[in-house]
Amino acid sequence: MDATENRYSLAYKQIAKAANDTLPLKKLVSAIAASAARGLQASGCAVMLLNPRREYLDIAGAWGLSDLYLRKGAINARKSYPDILDGKIVAVDDIYTDRRTQYPEQAARENIKSLLGAPIIQRGEVIGEIRVYTREKRRFKPNEKDFISTVANILALTLEKIELAQDLNNRHQSNITQQKRLTSFSDLPLAPIRPVTFGHPSEEEFARLLDFYQVEWLYEPRSFPLSSQDNRITEMFTPDFYLPEIDLYIELTTSKQSLITEKNHKVRRLKEVYPDVSIKLLNKGDYLKLFARHGFIPLGESKMTGVQRYLFSKTQIQRRVKLLAKQISRDYQGRELVLIGILKGVVCFISDLMLNISIPVTVDFMAISTPADKSDLLIRILKDLDTDIRDRHVLMVEDIVDTGMTLNYVLNNLTARKPASLKVCTLLDKRVRRLIDVHLDYVGFEIPDEFVVGYGLDMGGKYRNLPSIATL
Ligand code: IMP
C-alpha cells in the first residue's frame, strides 16, 4: 500500500468507528469531517445539511475552520456551487475567483484556496453536502473525488440511522403528550431533525413557532465583528436567528436586565457598523405572551386573569368601524367586493363593517389552525373559502395583526388564487410586535404591546362577548 492508500484506509477506519458510535450529532459529524480532511491532507472540512425548504445549508459539523468562517452568513445551496445540489462532485481550484463562491472575501481571510465538495445523497435525494478545503491551490484527482464520495455515502447512512432513532423517540414522546394536557409550546411534536443545538430553551420554542407559521429560519448563521484592534477582532456579535425570506436577524433576550443592556449595546453597535443589516431584539417575555394567546401556560410565567383596563368603548369602536366602512365604500365604488374573515376573532368586526358598507359585498370565512391545535406541526387551513376569488376584488378583514405571521401565510395563500385585487383591513394593529411586515390598507386602531380581549377577541375562548376592547 502506498502512503495515500494508507491514509485513506486509516480515515475509513476512523469514520466507520465514529459512524457506529453513539455521539451527539454535531460531535459525530465533526469527527467524520476531521477524518475526511486528514485523509485528503486538507486544512478543513464542513458537513452541511439542507434545511426543510431545501434552500439553505445548516452546518452539521466541521473541523479545521474558524468560527468566523463557519458563521460567515446564510449559505444558499442554489447559489453556492449549485452543481453539488444537483448531485455532482465539484472541485474548485481557486475559490476566490470562482463565480460560484458566495463569500470569496471570507475565504481569502480564512486563507483557503481550493475546495472539493460532494453531495450527501439519501434514497436518491440530496440532503446535504460535504466540503473539504485546502490552503494550497490544488487540482483534485479522481481518487480524491472517489474518497470524498465514499465519505458522503457513509454520512448519508449515518444520518439516516440518527433520523430513524429520532423518529422512534418522537413517536414515543407524542404518545406520552397525547395522554396529558399540553402545558408548553415545547410539548408539540418535534419538527424534522435539524443539526441545531440551541443555547436556550426559549430559542427552541421560538424556532418551533417559526416552523409552525412556515417562516424559514437559520440559527446563528453569521457572526458580526463589531470592533477590532491591530487586526484582531475584540468584539463580536452572533444574533440568534436569521429569517432569509424577510432578510431579518433576530436576537432573543431574557428578562435579566444586565443581559438586556448588553444586548441593546450590541444591537446598537451592529446597526452602526452594518447599516444595511436589519435586526430586531425580541424580549422573551413578549414571546411567552405569544404562546399564552394560543392557550398554553407558558413556563408558568403568564398571569392573565380578569379585565384590567378598557381600551376602546363600544361607542368608540362603532364610530371607527363606520368611518372605515365609509372609506372602503368610497374606494371600491362601482366594484363588487368579497370580504374574507378569519374565524373566530373577526366575527363582531366583520359583521359591523359589512352592515356599514354601502356597495354590494359578499362575505366568506376561513379557519386556520393555531399551534394550540396540538396535532398540527404546520399552520394549515381548517375551513377553506366557499367562494372562487379568481379575478374578484378581495378585502381580507382581520381582528388584530400582531406578529403578522398569520396574515403573511393567508395572503400568500390567497395571492396564489389570482384575485383581481387583494387588500387588508384590520381593526387592531399591534405594530410594535411586528415580525413580518405585511402592508395594511385600513387600520381601525393602533394599540400598544398588550394582550387584548373583547369584541370577538378571546383569551382561551373567553371574553369574546365583551362589547368593548380591554386589556387583561
Ligand atoms: P399574528 O399571526 O401574530 O399576527 O396573530 C394574529 C392572530 O393572533 C389574531 O388573528 C388573533 O387571533 C391572535 N391575537 C394576537 N394578539 C391578540 C390579542 O392581543 N388578543 C387576542 N388575540 C390575539
Side-chain angles (χ1 to χ4, degrees), residues 1-21 25-50 54 57-65 69-70 75 77-96 98 100-103 107 110-162 195:
M1 245 195 313
D2 67 14
T4 311
E5 282 171 355
N6 253 335
R7 253 197 346 267
Y8 287 177
S9 160
L10 181 64
Y12 286 141
K13 244 191 246 168
Q14 290 169 337
I15 289 170
K17 186 168 179 301
N20 207 19
D21 220 325
L25 179 70
K26 194 168 179 184
K27 278 206 169 143
L28 188 156
V29 173
S30 302
I32 295 180
S35 303
R38 287 198 199 103
L40 287 173
Q41 292 186 304
S43 61
C45 175
V47 176
M48 299 175 279
L49 296 182
L50 276 172
R54 311 183 45 76
L57 292 160
D58 284 316
I59 309 269
W63 179 84
L65 297 162
Y69 184 70
L70 291 172
I75 307 165
R78 294 184 219 280
K79 288 190 185 143
S80 169
Y81 317 114
D83 285 354
I84 310 180
L85 197 60
D86 289 336
K88 298 195 186 105
I89 292 180
V90 168
V92 181
D93 303 344
D94 186 349
I95 298 179
Y96 189 69
D98 196 289
R100 300 162 296 175
T101 304
Q102 212 188 336
Y103 297 98
E110 187 77 3
N111 196 21
I112 45 180
K113 306 258 169 30
S114 299
L115 168 154
L116 181 62
I120 302 172
I121 302 176
Q122 228 175 41
R123 297 164 202 266
E125 193 183 310
V126 177
I127 60 154
E129 304 182 2
I130 177 168
R131 296 181 184 184
V132 169
Y133 306 84
T134 62
R135 290 204 196 290
E136 80 289 353
K137 272 196 190 160
R138 194 190 293 188
R139 277 244 146 112
F140 289 95
K141 299 189 209 80
N143 65 337
E144 293 178 310
K145 292 181 185 169
D146 280 350
F147 173 80
I148 200 69
S149 162
T150 308
V151 176
N153 280 331
I154 301 173
L155 272 167
L157 282 171
T158 312
L159 292 166
E160 187 159 13
K161 179 190 89 171
I162 295 170

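Basis for what follows: all heavy atoms, side chains included, without hydrogens, waters or symmetry-related copies. Heads up: numbering here begins at 1 and tracks the sequence.
Listed by first and then second residue, the side-chain hydrogen bond (donor to acceptor under 3.5 Å, both in side chains) pairs involving residues 149-158 amount to none (not counting sequence neighbours). Residue pairs meeting the salt bridge (Lys or Arg N to Asp or Glu O under 4.0 Å) criterion with at least one partner in residues 112-129, sequence neighbours excluded, are Arg54-Glu125, Arg123-Glu160, Glu129-Arg131.
For Glu5, there are no salt bridge (charged side-chain N to carboxylate O under 4.0 Å, His left out) partners two or more places apart in sequence or in a different chain. Applying the salt bridge (charged side-chain N to carboxylate O under 4.0 Å, His left out) criterion to Asp94, with sequence neighbours excluded, gives Lys137. The salt bridge (charged side-chain N to carboxylate O under 4.0 Å, His left out) check on Asp98 picks up Arg100, with sequence neighbours excluded. With sequence neighbours excluded, no residue satisfies salt bridge (charged side-chain N to carboxylate O under 4.0 Å, His left out) with Glu110.
What you find for Val47 and Ile120 is that their closest heavy atoms are CG1-CD1, 3.9 Å. What you find for Ala152 and Pro119 is that their closest heavy atoms are CB-O, 3.3 Å. Ile154 approaches Ala19 most closely through the heavy-atom pair CG2-CB, 4.2 Å. The two residues Ser43 and Trp63 make their nearest non-hydrogen contact at O-CZ3, 3.7 Å. Contact between Ile15 and Ser35 at its shortest, heavy atoms only, is CG1-CB, 3.5 Å. Listed here is the closest heavy atom pair of Ala11 and Gly39: CB-CA, 4.1 Å.
The distance from the CG atom of Asp86 to the CD1 atom of Ile84 is 10.0 Å, given to the nearest 0.5 Å. Once rounded to the nearest 0.5 Å, the distance linking SG of Cys45 with CD1 of Ile32 reads 9.5 Å. In this structure, CD1 in Ile130 is found 11.0 Å from CD1 in Ile89, a value given to the nearest 0.5 Å. Leu40 contributes atom CG, which lies 10.0 Å from atom OG1 of Thr4 (distance to the nearest 0.5 angstrom). With rounding to the nearest 0.5 angstrom, the CG atom of Leu85 is 13.5 Å from the NZ atom of Lys79. A distance of 6.5 Å separates CG of Leu159 from CD of Gln122, quoted to the nearest 0.5 Å.
In terms of modelled atom types and a separation under 3.5 Å, the side chain of Ser114 and the main chain of Asp93 share a donor-acceptor contact. No donor-acceptor pair closer than 3.5 Å links the side chain of Ser80 to the backbone N or O of Ile75.
Contact check for Leu57 versus Leu50: side-chain heavy atoms found under the 4.5 Å cut-off. Between Ile148 and Phe140 there is no side-chain heavy-atom pair separated by less than 4.5 Å.
Applying the 6.0 Å contact sphere to NZ of Lys161 captures more than 12 heavy atoms from other residues, nucleotides or ligands.
In this structure, Tyr133 and Tyr69 have perpendicular ring planes: the angle between them is above 60°, well past the 30° mark.
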- Message: Test side chain to side chain contact (heavy atoms under 4.5 Å, CB included) on Ile162 and Leu28; report intermediate values, then the result.
- Response: CA-CA 10 Å; Ile162 295 170; Leu28 188 156; 4.2 Å; yes
